[in-house]
Amino acid sequence: MKKVTFFILLHICLLTYSQKNKLKDTDYLRLQDKARSYLYIDIDSAYYFASQIEKSSNHIHQSFANGIKGYIFQLKNDTLNSKKHLNSAYDLLKYIPDSKEKRMTTSYLLNYDGLIEWKKNNLTIALKKYQEGKKIAESINDIVQTVKFNANIGLINKNIKNYDIAITTFKKSLLLVNQNFEVFPKEEINSMISNIHLNISNCYERKFQEKKDIKKIDSALYHTQKALQYTRNNGLLKMRSLTSLGNIYFLKDDYTNSKKAYQSALIIAKEIGMLADYNTLLCNLGHINYYYKKEKEALVYFTKVDSLYQAEESNLTEEYVLSNYYLAKIYNILGKNEEASKYSKKYLENYEAMAVKEIKETLDINNTLNNQKLQEEMIQINKQHQKEKIIKITTWVIILSLLLFLLFYFRKKNKLRIQQVKQTAEKFQLEIEKTKSKNIALQNEIEDFKKEKKPKNTVTIDSEKEEQIVTMLLALEKKEVFLNHDFTQPFVAKKIKTNTAYLSHVVNKRFGKTFSEYANDLKINYAIHQMKTNPIYRKYNTQAIAESVGFKSAVSFRKSFNKKTGLSPTQFLKQIEEEQNK
């Protein structure tokens with residue numbers, strides 16, 4: 001009897017344990033979204049949700065949990081634990097039969113694997129992981145994951161200064177999102193579109209800094225404004241879009257708007273507790289005021305950066321070191337020698353540690369600040385007021401020279417590897433373009449075949465159905481869907497749940513136009529209205545205006561505009577200015 005009782009209790013315990021570790025699919029997806037959403041907001045919370053998933057008895061769930069944990073550890077620069085968890089994630093999938101869920105999880109792991117390699121600056125390996133994962137995501141029609149892979153591939157190209165390829169990749173992602181609104185979570189769709197526009201803007205901004213082409217900065221401004229339209233309630237994205245807007249206005253030599261954008265971003269950064277961005281914005285405001293010779297205003301911002309660092313006692317930051325440099329310069333200009341000496345010494349004391357950190361991260365800050373020149377300036381200030389410290393200053397100069405030598409040595413060593421990544425990316429882009437050309441040619445052949453084989457039939461449609469199509473078309477006009485690049489007859493027919501024959505018949509009958517003429521008229525009318533009523537819109541170039549109303553090229557936009565108005569866009573804008581000046 002005792003043995004029977006023992007086995008019954010054992011069975012109940014095992015059953016209870018099994019139930020405790022069984023995770024429902026709905027709970028798994030909920031925890032998955034939580035873990036992802038907290039990755040860049042609160043990394044400890046992301047780890048907590050991943051640990052909750054890992055408790056599941058399902059190997060697929062455990063694999064995903066280990067994959068995201070691997071990335072979390074890499075974000076903390078713990079490479080050993082990162083590799084351990086990622087290997088465990090792959091091992092858990094080995095003995096699971098092939099299924100859509102397994103392939104989906106594999107694509108997730110390859111995405112995190114690529115992000116880990118990207119964090120370690122292994123760009124070639126990261127790109128291969130993204131390409132492999134993207135193929136799997138496309139094979140199972142996982143649109144959301146495909147867009148994420150495209151975004152990551154675009155970021156790699158942006159990092160190695162392949163800005164044109166990056167822009168093309170980001171725009172394809174944007175098109176994919178617009179074509180598949182229904183598959184994206186409502187709470188993510190606006191943030192995703194905003195982030196893509198912001199990345200495109202950053203690419204144009206950097207292209208402008210390289211070649212000073214005014215068209216590029218106008219395009220950057222357009223995409224930043226688009227990013228702001230889609231930020232909705234996402235404070236982080238709104239702050240970063242405003243920061244980008246401030247950078248663009250500064251490049252356009254517009255002090256007032258640059259300052260206004262930075263100050264708006266500063267308020268948001270403080271509200272959402274983004275201290276790092278808050279300090280960066282304080283430095284930006286200090287820098288533009290110093291640049292425009294408003295030393296006293298600049299002094300307020302740089303002093304705030306210094307005070308925040310002293311209060312937080314956090315790790316050494318670029319903003320803190322930069323503030324010391326500018327405070328020394330400003331106090332020297334104002335004739336306050338003791339303060340100038342104090343901050344020049346603080347700069348020299350902290351510079352070595354900052355330079356070592358920058359060797360591991362990026363060369364941009366060294367190139368921007370022109371470290372050798374800054375070092376000489378700091379030495380000169382210190383010589384004026386503290387001659388007894390000259391030996392110490394000379395020592396810092398020697399250390400800095402050594403660090404710069406090492407920096408350029410490693411930069412030269414990595415140049416070949418970066419070139420290989422660039423070639424791989426270009427080859428990948430060429431393959432995509434070839435495939436696209438083949439698909440277009442095949443589609444044209446199919447359409448021609450259909451036209452030859454199918455006899456022309458008269459379309460018959462009842463009045464109720466006709467009115468329904470017209471009503472839905474007007475609803476799309478009201479939502480300004482025609483501004484999308486993909487506002488084509490098949491796309492619209494799918495949107496309003498009809499076929500292209502009915503749609504073409506109704507448009508021809510009600511509007512007296514072909515669908516192409518109807519779509520172009522909507523776009524051109526919108527552009528004309530914006531030119532007449534929106535002063536900011538009148539500052540855009542033809543390319544930016546064409547993109548804003550959904551034309552794929554400035555040439556086709558100019559042709560349609562001339563057909564509608566008898567004028568080119570430039571002539572039309574000139575005519576508006578002449579009428580307003582009367």
Roughly how far apart are [X] [atom1] and [Y] [atom2], rounded to 0.5 Å?
X    : Y    : atom1 : atom2 : result
I248 : T243 : CD1   : OG1   : 11.0 Å
I116 : L75  : CD1   : CG    : 8.5 Å
S99  : M104 : OG    : CE    : 9.5 Å
N150 : Q145 : CG    : CD    : 11.0 Å
L127 : N159 : CG    : CG    : 11.5 Å
L115 : N152 : CG    : CG    : 5.0 Å

Pairs touching [range] that satisfy ring-ring contact (aromatic ring centres under 6.0 Å, His included), sequence neighbours left out:
range            : answer
residues 218-246 : H197-H223, Y204-H223
residues 141-177 : none
residues 87-108  : F64-Y108

Looking only at non-hydrogen atoms, find the nearest pair between [X] and [Y] and report the distance.
X    : Y    : result
C203 : I167 : CB-CG1, 3.5 Å
I72  : A46  : CD1-C, 3.9 Å
A50  : A65  : O-CB, 3.4 Å
A126 : I156 : CB-CD1, 3.9 Å
T169 : G154 : CG2-N, 4.0 Å
G133 : S107 : O-CB, 3.9 Å

Do E117 and K120 pass the salt bridge (charged side-chain N to carboxylate O under 4.0 Å, His left out) test, and can you show the C-alpha distance, the side-chain angles, and the key distance before you say yes or no? CA-CA 5 Å; E117 295 300 334; K120 294 191 289 187; 3.7 Å; yes

Consider side-chain contact (heavy atoms from CB on, under 4.5 Å). Of L31, D33, I68, which one does F49 pass it with?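 Of the listed residues L31, D33, I68, the side-chain contact (heavy atoms from CB on, under 4.5 Å) partner of F49 is L31.
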
Picking from V492, D486, T488, what satisfies side-chain contact (heavy atoms from CB on, under 4.5 Å) with P490?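 Single side-chain contact (heavy atoms from CB on, under 4.5 Å) partner of P490 among V492, D486, T488: T488.
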
If only atom types and distance count, is the side chain of [X] paired as donor or acceptor with the main-chain N or O of [Y] below 3.5 Å?
X    : Y    : value
Q74  : S82  : no
D27  : L23  : no
S323 : Y320 : yes
K523 : V549 : yes
T168 : D164 : yes
N178 : L174 : yes
T105 : E101 : yes
K158 : N199 : no

Report the relative orientation of the aromatic rings in F73 and H85; use parallel for angles under 30°, tilted for 30 to 60°, perpendicular for over 60°.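 It falls in the parallel class, under 30°.
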
For the pair H61 and Y28, name the ring-plane relationship: parallel under 30°, tilted 30 to 60°, perpendicular over 60°.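 Parallel: the ring planes of H61 and Y28 meet at under 30°.
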
Any [X] side-chain heavy atom under 4.5 Å of [Y] side chain:
X    : Y    : value
N202 : E205 : yes
Q263 : I267 : no
L93  : H59  : no
N111 : L109 : no
L221 : Q225 : yes
N81  : K84  : yes

Salt bridge (charged side-chain N to carboxylate O under 4.0 Å, His left out) against [X], all qualifying residues, sequence neighbours excluded:
X    : answer
K94  : D91
K129 : D113
K226 : none
D218 : K252

Tell me whether the count of non-hydrogen atoms from other residues, nucleotides or ligands lying under 6.0 Å of [atom1] in [X] goes above 12.
X    : atom1 : answer
K34  : NZ    : no
K102 : NZ    : yes
I536 : CD1   : no

Atom pairs and distances, donor-acceptor, side-chain atoms in residues 268-281, under 3.5 Å, two or more places apart:
{"unit_1": "T280", "atom_1": "OG1", "unit_2": "A276", "atom_2": "O", "d": "3.0"}
{"unit_1": "T280", "atom_1": "OG1", "unit_2": "E319", "atom_2": "OE2", "d": "2.8"}

Ring pair (Phe, Tyr, Trp, His ring centres under 6.0 Å) against F487, all qualifying residues, sequence neighbours excluded: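 Once residues adjacent in sequence are excluded, the partners of F487 under the ring pair (Phe, Tyr, Trp, His ring centres under 6.0 Å) criterion are F515.
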
Pair listing, salt bridge (Lys or Arg N to Asp or Glu O under 4.0 Å) test, anchored in residues 189-199, at least two apart: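 Every candidate salt bridge (Lys or Arg N to Asp or Glu O under 4.0 Å) pair involving residues 189-199 fails, so no pair, neighbours aside, qualifies.
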
Sequence neighbours excluded - salt bridge (Lys or Arg N to Asp or Glu O under 4.0 Å) pairs with any residue from residues 62-82: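 Non-adjacent pairs meeting salt bridge (Lys or Arg N to Asp or Glu O under 4.0 Å): D44-K76, E54-K69.
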
side-chain hydrogen bond (donor to acceptor under 3.5 Å, both in side chains) with Q543: which residues, sequence neighbours excluded?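 E547.
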
Mind running side chain to side chain contact (heavy atoms under 4.5 Å, CB included) on L198 and I200 for me, showing each step along the way? CA-CA 5 Å; L198 192 56; I200 296 172; over 6 Å; no

Modelled atom types, side-chain donor and acceptor of Y262 and N247, under 3.5 Å: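 On atom types as modelled, these side chains qualify, holding a pair under 3.5 Å.
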
Between L282 and L308, is the side chain to side chain contact (heavy atoms under 4.5 Å, CB included) condition met? List the steps. CA-CA 11 Å; L282 287 172; L308 285 173; 3.8 Å; yes

Would Q32 and R36 count as a side chain to side chain contact (heavy atoms under 4.5 Å, CB included) here? Give the steps. CA-CA 6 Å; Q32 199 180 65; R36 284 177 178 143; 3.4 Å; yes

